[in-house]
Number of protein chains: 2
Amino acid sequence: MFSQSEENYIKAIYHLATVSDKGISTNAIAKKLTTKASSVTDMIKKLSDKKVLVYKKYQGVTLTDFGKRTAANIIRKHRLWEVFLVEKLNFTWDEVHEVAEQLEHIKSPKLIDELDSFLGHPKRDPHGDPIPDKEGNLPQIQKSLLSTLEKNEKGVCVGVNDTSSEFLRFLDKQEIGLGKNIEVLDKEPFDDSFLVKINGKEMTISNKVANNIYIQKN
Amino acid sequence: MFSQSEENYIKAIYHLATVSDKGISTNAIAKKLTTKASSVTDMIKKLSDKKVLVYKKYQGVTLTDFGKRTAANIIRKHRLWEVFLVEKLNFTWDEVHEVAEQLEHIKSPKLIDELDSFLGHPKRDPHGDPIPDKEGNLPQIQKSLLSTLEKNEKGVCVGVNDTSSEFLRFLDKQEIGLGKNIEVLDKEPFDDSFLVKINGKEMTISNKVANNIYIQKN
DNA sequence: AATAATTTTTAGACTAGACTAAAAATTATT
DNA sequence: AATAATTTTTAGTCTAGTCTAAAAATTATT
Ligand SMILES: [Mn+2]
Ligand SMILES: [Mn+2]
Ligand SMILES: [Mn+2]
Ligand SMILES: [Mn+2]
């Protein structure tokens with residue numbers, strides 16, 4: 001059994017590993033968890049003893065299979081709770097993360113199994129992120145950042161990169177959300193902004209915004 | 001904001017106060033939380049500083065109004081989660097307590113408000129215990145221990161005193177549960193056992209069991 | 001290859017919350 | 001009223017998790 005703090009480290013390392021593929025550095029973990037490198041060193045020694053990860057001094061860390069399964073399970077809980085909050089308790093997608101950060105640490109296998117069936121075995125959370133199954137398998141979906149699309153390419157919005165409340169509320173205001181059809185009408189070389197049509201409506205989108213929206217092309 | 005540990009102390013003291021009405025002793029708290037008296041002394045000093053309770057050395061403690069409201073809020077969360085687990089997630093009444101002990105510490109006013117309406121503003125938890133409202137008011141119901149009933153008195157089972165899994169599963173096996181009609185047919189002076197009729201079925205019940213079942217007389 | 005900059009680890013300190021053992025206060029018993 | 005038993009507090013220790021400051025190792029730059 002892991003403490004909340006240990007679980008937060010495991011999850012952070014897992015997320016960092018999905019984007020970097022080599023050993024995760026002490027500093028990267030510290031930044032992600034807004035803690036100090038010295039604290040991270042202490043904790044990764046402990047997690048190494050517990051066979052969650054492999055650690056060699058100055059070399060960064062890599063999760064073991066056990067560590068990956070543990071991480072996937074925490075993420076599964078986090079995302080299922082997010083679905084619950086949105087689908088059943090009238091939360092908006094910008095409100096769920098903070099609460100899910102707490103709920104993901106509740107220990108009860110039955111609870112999470114039952115929650116999963118109560119919600120109808122959802123495949124994705126309110127931000128479009130896939131929900132790992134009980135074995136920790138995480139279905140990867142084919143998606144591209146809007147910013148990488150060429151003129152005249154089109155697709156459906158399937159996810160966001162930035163999940164901050166600020167960004168999500170901005171998307172709400174612009175009526176951009178999961179499932180919306182998006183077509184790149186033009187790209188402006190001057191500031192790399194995009195002229196897009198979203199569900200029939202034309203608008204201009206900054207590069208920063210386009211860099212945080214995932215599209216499944218069609 | 002209180003830590004989980006602080007919340008557990010506050011709740012324990014609140015529960016002890018409902019049965020004792022004078023200052024709650026260090027030892028009583030230690031026993032309830034299966035911790036040591038010295039740990040309790042440390043914690044009640046802290047809770048006294050935080051205006052949760054009034055503490056004078058060697059005199060035991062009393063919750064302030066603020067402390068009582070805080071306790072009622074934790075109990076509200078605990079019991080609403082228990083309802084959720086039974087009503088929505090197929091938990092039995094002997095399985096919910098352990099998980100509710102964790103869920104009661106989740107911090108989110110919106111979560112608990114929404115959960116309350118999602119459940120249809122339930123008045124009692126799966127063990128028959130009343131659910132405090134948002135202001136911390138706890139409706140008291142007129143109930144008597146089955147062991148205090150006289151011959152020929154009858155009523156409805158509305159609660160249990162012992163909420164251990166063992167006792168609850170025993171009740172399930174005997175088909176005793178909330179809402180069942182119970183009539184005392186006879187009392188046996190030799191061992192203070194009871195001959196009762198429960199929903200039409202006659203059975204003998206030990207004094208120990210009768211001491212843990214609440215009846216609303218009719 | 002040497003030096004500078006950066007990253008990582010170590011050493012030592014702090015807090016919350018727990019514990020044991022001993023001292024002090026209270027309560028019960030003679 | 002004195003003594004014994006019990007309860008409560010204090011003093012000191014421990015662990016988990018964090019921090020700062022300094023030392024050590026690695027990486028980048030000249
Ligand atoms: Mn989230
Ligand atoms: Mn999410
Ligand atoms: Mn309970
Ligand atoms: Mn209950």
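Within every chain, numbering begins at 1; the chains are lettered A, B, ... in the order of the sequence lines, protein sequences first and strands thereafter.
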Pi-cation contact, A:Phe118 with B:Lys88 (under 6.0 Å, within 45°) = no
salt_bridge(B:Glu104, B:Arg79) N-O dist < 4.0 Å | no
Choosing from C:dT10, D:dT9, D:dT26, which nucleotide comes nearest the side chain of A:Thr41?
-> C:dT10
Between D:dT18, D:dT20, D:dT10, which nucleotide has the shortest distance from any of its atoms to the side chain of B:Lys45?
-> D:dT10
Trace of the side chain to side chain contact (heavy atoms under 4.5 Å, CB included) decision for B:Val54 with B:Ser48 | CA-CA 6 Å; B:Val54 177; B:Ser48 175; over 6 Å; no
Pull out every stem in DNA chain D, meaning runs of 3 or more consecutive Watson-Crick or G-U wobble pairs with both distances under 3.5 Å.
-> C:1-30 with D:1-30
Is A:Lys51 close enough and on-axis enough to A:Phe66, meaning under 6.0 Å and within 45°, for cation-pi?
-> no
Taking atom types as modelled, is there a side-chain donor on A:Ser25 or A:Asn27 under 3.5 Å from an acceptor on the other?
-> no
Relative to B:Phe91, does A:Lys110 satisfy both conditions: NZ or CZ under 6.0 angstrom from the six-membered ring centre, and within 45 degrees of the ring's axis?
-> yes
Donor-acceptor pair under 3.5 Å, B:Ser38 side chain vs C:dT20 base = yes
Nearest to the side chain of A:Lys36, which nucleotide is it out of D:dT20, D:dT26, D:dT10?
-> D:dT20
Would you mind classifying the nucleic acid contact of A:Ser5 as base, sugar-phosphate or nothing, using non-hydrogen atoms under 4.0 angstrom?
-> sugar-phosphate
Between D:dC19, C:dC19, D:dT10, which nucleotide gets closest to the side-chain atoms of B:Lys57?
-> D:dT10
Assign B:Thr26 to base, sugar-phosphate, or nothing according to its heavy-atom contacts below 4.0 angstrom with the strands shown.
-> sugar-phosphate
